[in-house]
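In this text the structure is predicted, and so the values were computed from the model without any measurement.
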Amino acid sequence: MIEVPPPRLLDQLREQIRLRHYSLRTEQAYVHWVKRFILFHGKRHPRDMGQREMELFLSHLASDRRVTASTQNQAMSALLFLYRKVLNVEPAWLTQVVRARRPAKLPVVLTPTEVARVLAHLKGSHHLCAALMYGAGLRLLETLRLRLKDIDFAYRQLSVRGGKGNKDRFVPLPHALSPALREQCRTAMALHQADVAAGFGEVWLPNALARKYPNAGRSRQWQYLFPARSRSLDLRDGRERRHHLNESSVQRAVRNAVREARIEKAASCHSLRHSFATHLLETGADIRTIQELLGHSDVRTTQIYTHVMNRGGLGALSPLDRLAMHVRSQEYAEPED
């Protein structure tokens, strides 16, 4: 009888990640950090290492590689997942590893005029993506992962499926974007029909939908609103499909637009989402409503936008401005000769 060798460690890691329906990006990130951890310690097996080795690796990332606190925490999450879910060990030292503290940062927010200037330097699908991020408060990947079925012109709303934290929500569909969205739907359908004629046309479906509904991947409603220009091999199963537009192309287009608009702020795609929330607050929208539109689990996350509203330093008047107002009032009050 031939003995089947046990699966490799990284294959076990991928299997446990997919069992929990984590995203492909999470899988890639966790595999990357586990590889780095093993190579850093001379290809020793993680089962033979402990708290000291993990702390040395995390310190190396912070001091030598100078990664951010969020990147260091991502590496730590990958290692904790490895020990708990793959190696099935829960030593006492796992709870003693300290996570890096993320510094509190205020979001970069554009004024309405600056948003208009940025959008004016964008064209085609890049313009529509940026307009949706600002007009509906979507994250970049939430925008690119929209399917044709997620657009409801009658109710003027968009369905965000599997957002951050794997949560669904509804957001308003800006009426000003309806004509452009209809045209984008026609463009996506024409591309899909061309793929079908070429023997392709199947799109990736989340979770087990492909097995439950074998023909859904070829249906109109499941096609991406922003399809990629060319087909590519799917990393999950090696099949050739047309994925959505690559996020790096949108990020690059927005950065170029910010530069061409001569805006000195370090604005990015996410700044459009920040601007959406801040501008709603400035016009009197309820913070709980904004919390739901953004998909935040905790209202304290949403409250950060109260610190960047157009009120100048938390709404406090500078003593220098108060002094200048006092001097001007005294000048006006002086009697004429």
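For Asp286 and Arg288, the salt-bridge test fails: no basic side-chain N is under 4.0 Å from an acidic carboxylate O. Salt bridge absent: Asp150 and Arg147 never bring a charged side-chain N and a carboxylate O closer than 4.0 Å.
The side chain to side chain donor-acceptor pair (under 3.5 Å) with Glu202 is formed by just one residue from the set Arg218, Arg239, His192; it is Arg239. The residue from Arg241, Arg242, Arg220 that alone fulfils the salt bridge (charged side-chain N to carboxylate O under 4.0 Å, His left out) condition with Asp195 is Arg242.
No side-chain heavy atom of Leu205 sits under 4.5 Å from any side-chain heavy atom of Lys212. In this structure the side chain of Leu293 reaches within 4.5 angstrom of the side chain of Leu280, judged on heavy atoms. Within the 4.5 Å cutoff, the side chain of Glu142 has no heavy atoms near those of the Val171 side chain. Within the 4.5 Å cutoff, side-chain heavy atoms of Leu181 are placed close to those of Leu132. The closest side-chain heavy-atom distance from Ile38 to Val34 is below 4.5 Å. Residues Ser268 and Gln251 are not in side-chain contact: their nearest non-hydrogen atoms beyond the backbone lie 4.5 Å or more apart. Using a 4.5 Å heavy-atom threshold, the side chains of Ile151 and Leu158 count as touching.
Side chain of Gln72 to backbone of Leu61: no donor-acceptor contact under 3.5 angstrom is found. A donor-acceptor pair is defined here as one N or O able to donate and one able to accept, closer than 3.5 Å; such a pair exists between the side chain of Gln223 and the backbone of Ser219. Of the possible donor and acceptor atoms, none in the side chain of His41 sits under 3.5 Å from a partner among the backbone N and O of Met49.
Within a 6.0 Å sphere centred on CD of Glu292, other residues, nucleotides and ligands contribute 12 heavy atoms or fewer. A 6.0 Å sphere centred on NZ of Lys123 holds no more than 12 heavy atoms belonging to other residues, nucleotides or ligands. With a 6.0 Å radius and a threshold of 12 heavy atoms from other residues, nucleotides or ligands, Arg44 has its CZ atom above the threshold. Counted within 6.0 Å of NE2 on His45, heavy atoms from surrounding residues, nucleotides or ligands total more than 12; the atom is thus considered enclosed. No more than 12 heavy atoms of other residues, nucleotides or ligands lie within 6.0 Å of NZ in Lys35, so this atom counts as exposed by the packing criterion. By the neighbour-count criterion of 12 heavy atoms within 6.0 Å, atom CZ of Arg300 is sparsely surrounded, having that number or fewer from other residues, nucleotides or ligands. Atom CZ of Arg186 has more than 12 neighbouring heavy atoms from other residues, nucleotides or ligands inside a 6.0 Å radius. The local environment of CD in Glu264 is sparse, with at most 12 non-hydrogen atoms from other residues, nucleotides or ligands closer than 6.0 Å.
Applying the ring pair (Phe, Tyr, Trp, His ring centres under 6.0 Å) criterion to Phe57, with sequence neighbours excluded, gives Phe37, Phe40. Remark: Tyr305 pairs with His274 by the ring pair (Phe, Tyr, Trp, His ring centres under 6.0 Å) rule, at least two apart or across chains. Shown here are the ring pair (Phe, Tyr, Trp, His ring centres under 6.0 Å) partners of His127, two or more places apart in sequence or in another chain: there are none.
If you chain together hydrophobic residues whose side chains sit under 4.5 Å apart, Val31 and Tyr83 fall into the same group. In terms of hydrophobic clustering, with Ile, Leu, Val, Met, Phe, Trp and Tyr side chains grouped at heavy-atom distances under 4.5 Å, Trp33 and Tyr22 are assigned to a common cluster.
Between Arg36 and His32, the side chains place a donor N or O and an acceptor N or O closer than 3.5 Å (distance only, hydrogens not considered).
Of the inter-residue distances, the one linking Ser275 atom OG with Met133 atom CE reads 11.0 Å to the nearest 0.5 angstrom.
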Q.
Thr113 vs Thr111, test: side chain to side chain donor-acceptor pair (under 3.5 Å). Steps then yes/no.
A. CA-CA 5 Å; Thr113 302; Thr111 67; 4.6 Å; no

